[in-house]
Amino acid sequence: MDKMKIAVIGSAGRLGAALVRDYRDKYDVSGFNHAQLDLSNLDEARETLRAMNFDALINTAAFTNVDLCETERDRAFLINAEAPGLLAKICTDKNAKLIHFSTDYVFDGEKRAPYTEEDEANPISVYGASKLAGEQNVLATDSRHLVVRVSWVFGPDRPSFVDGIIKRAQENEEVDAIADKFSTPSYTLDIAEMVGRILNAWSRRAPAPDGLAAGRFQGILHFANAGECTWQEYGQWALDRCHDAAVPLKAKTVGASKLKDMTNWVARRPVYSVLCTAKYAKFTGIPPRTWREAVADYITRFYSKK
Ligand SMILES: NC(=O)c1ccc[n+]([C@@H]2O[C@H](COP(=O)([O-])OP(=O)(O)OC[C@H]3O[C@@H](n4cnc5c(N)ncnc54)[C@H](OP(=O)(O)O)[C@@H]3O)[C@@H](O)[C@H]2O)c1
């Protein structure tokens with residue numbers, strides 16, 4: 001039986017690289033890094049993708065520098081909003097599915113309970129506004145495509161907060177992290193697994209072994225590991241797991257800093273942007289594992305000296 005054909009845009013990014021690695025043996029995968037497919041050149045992107053044959057296109061590429069987006073608004077909207085609309089059109093024309101990644105930063109952070117897919121988005125940064133416009137362009141083109149919002153993405157393919165705090169703790173006696181901003185880490189390997197379930201459900205050739213209803217996966221879906229935390233809690237858990245894994249550290253505890261102390265940040269960030277994953281858990285019957293388990297697994301696999 002032919003393998004499902006998948007194209008991944010952003011294949012050198014934190015998430016894209018993880019997806020390509022995980023899917024290499026399961027599907028017929030083509031990955032495009034920034035140099036191979038530049039979403040800011042819509043004509044070229046159109047030409048490249050129209051010439052290809054795929055069943056599903058996964059867009060993990062984005063202009064993700066939240067502060068730079070504030071000063072490069074046009075570029076942010078071109079890459080994060082206009083390009084996803086084009087991808088949606090190309091997919092619809094090919095009768096292929098699009099999975100487009102978005103962010104918890106579409107919310108203003110004023111809520112104090114996890115955001116559901118039905119909650120109104122109200123971005124407070126150019127990055128968030130451009131990502132929201134991207135979601136809208138995708139779903140206005142074809143409501144059968146899928147937008148997956150994730151938060152605080154971490155994994156082995158590109159350093160993120162967790163790697164930064166470990167590095168700082170290896171080099172300094174004291175480290176701190178923000179203790180009044182809340183969200184949930186999302187492990188790229190867990191995202192790959194959950195997208196794999198959706199791809200299997202969509203596969204026209206092989207019925208999903210777990211009997212998932214393919215038609216459910218359209219519109220907006222939230223995915224993150226379970227639970228919520230501040231950056232300080234996230235960092236402390238990571239250092240504690242490093243301690244268990246015999247990773248040498250100078251700093252053992254993560255001190256508390258405040259969001260208002262981040263005077264070098266240009267963009268505003270939501271204070272609370274935890275994503276509710278109840279819809280995903282209901283559709284699949286498989287709730288995401290906790291962020292603590294995911295971070296512990298990451299440190300055991302990629303940092304452990306034992
Ligand atoms: N990172 C997070 O914490 C986070 C949180 C919530 C949502 N998300 C979303 O999750 C998705 C994946 O994020 P990530 O963490 O994997 O980000 P990432 O590591 O920054 O990867 C993004 C990739 O997009 C590429 N890219 C940038 N501009 C491009 C363009 N014009 N054309 C083609 N490729 C381009 C980048 O290439 P270069 O590096 O060469 O520019 C990079 O490889 C994104 O949609 C992001 O908005 C991320």
Side-chain angles (χ1 to χ4, degrees), residues 7-22 31-46 48-49 57-69 72 74-84 86-87 98-107 109 115 121 123 125-135 137-138 146-164 181-192 194-195 220-225 229 231 234 267 269-270 273-275 277 291 294-295:
V8 178
I9 304 178
S11 63
R14 191 178 297 122
L15 178 58
L19 298 186
V20 170
R21 189 181 44 253
D22 199 56
F32 293 93
N33 64 25
H34 194 164
Q36 292 164 324
L37 194 144
D38 183 353
L39 287 182
S40 66
N41 187 335
L42 299 184
D43 289 337
E44 224 174 80
R46 185 185 294 110
T48 305
L49 293 170
L57 176 65
I58 305 177
N59 181 33
T60 65
F63 184 12
T64 54
N65 186 321
V66 177
D67 288 322
L68 210 53
C69 283
E72 297 192 23
D74 289 350
R75 190 168 149 225
F77 272 82
L78 176 60
I79 298 166
N80 293 346
E82 213 177 320
L86 170 70
L87 301 181
L98 173 65
I99 298 181
H100 172 67
F101 277 91
S102 191
T103 172
D104 53 326
Y105 277 26
V106 297
F107 295 113
Y115 282 96
S125 64
V126 171
Y127 170 72
S130 67
K131 293 291 290 183
L132 177 63
E135 296 181 352
N137 286 344
V138 166
L146 179 67
V147 169
V148 181
R149 291 183 184 141
V150 290
S151 57
W152 286 0
V153 177
F154 75 98
D157 297 284
R158 190 176 271 201
S160 64
F161 168 81
V162 64
D163 309 286
K181 178 174 169 20
F182 304 82
S183 191
T184 314
S186 310
Y187 189 17
T188 54
L189 274 56
D190 291 358
I191 301 173
M194 85 95 181
V195 170
I220 297 173
L221 190 65
H222 288 178
F223 186 84
N225 286 107
C229 59
W231 266 331
Y234 181 11
R269 272 102 165 144
S273 58
V274 177
L275 298 173
T277 55
W291 68 265
V295 171

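Remember, it's 1-based here, ligands and their atoms both numbered in the order they're listed. For the numbers below, each heavy atom of this structure counts, side chains included, while hydrogens, waters and symmetry mates do not. Nothing here was measured: the structure is a model prediction, and the numbers come from that model. This chain uses plain numbering: 1 for the first residue, then up along the sequence.
Looking at every heavy atom in both residues, Y105 comes nearest to K181 through OH-NZ, 3.1 Å.
Contact of the V153 side chain with the T188 side chain is registered, since non-hydrogen atoms from C-beta on lie closer than 4.5 Å. For the pair L87/L39, a side-chain contact is recorded, criterion being any heavy-atom separation below 4.5 Å from C-beta on.
Under 4.0 Å is where a charged nitrogen must lie from a carboxylate oxygen, and between R269 and D104 no such pair does.
Sorted by chain and number, the residues within 4.0 Å of ligand 1 by heavy atom are A12, G13, R14, L15, H34, L37, D38, L39, S40, T60, A61, A62, T64, I79, F101, S102, T103, D104, Y127, K131, V150, S151, W152, V153, R158.
Within 6.0 Å of the CG atom in N41, the count of heavy atoms belonging to other residues, nucleotides or ligands exceeds 12.
For the pairing with I58, the side-chain contact (heavy atoms from CB on, under 4.5 Å) check across L146, V20, V195, V148 returns one residue only, V195.
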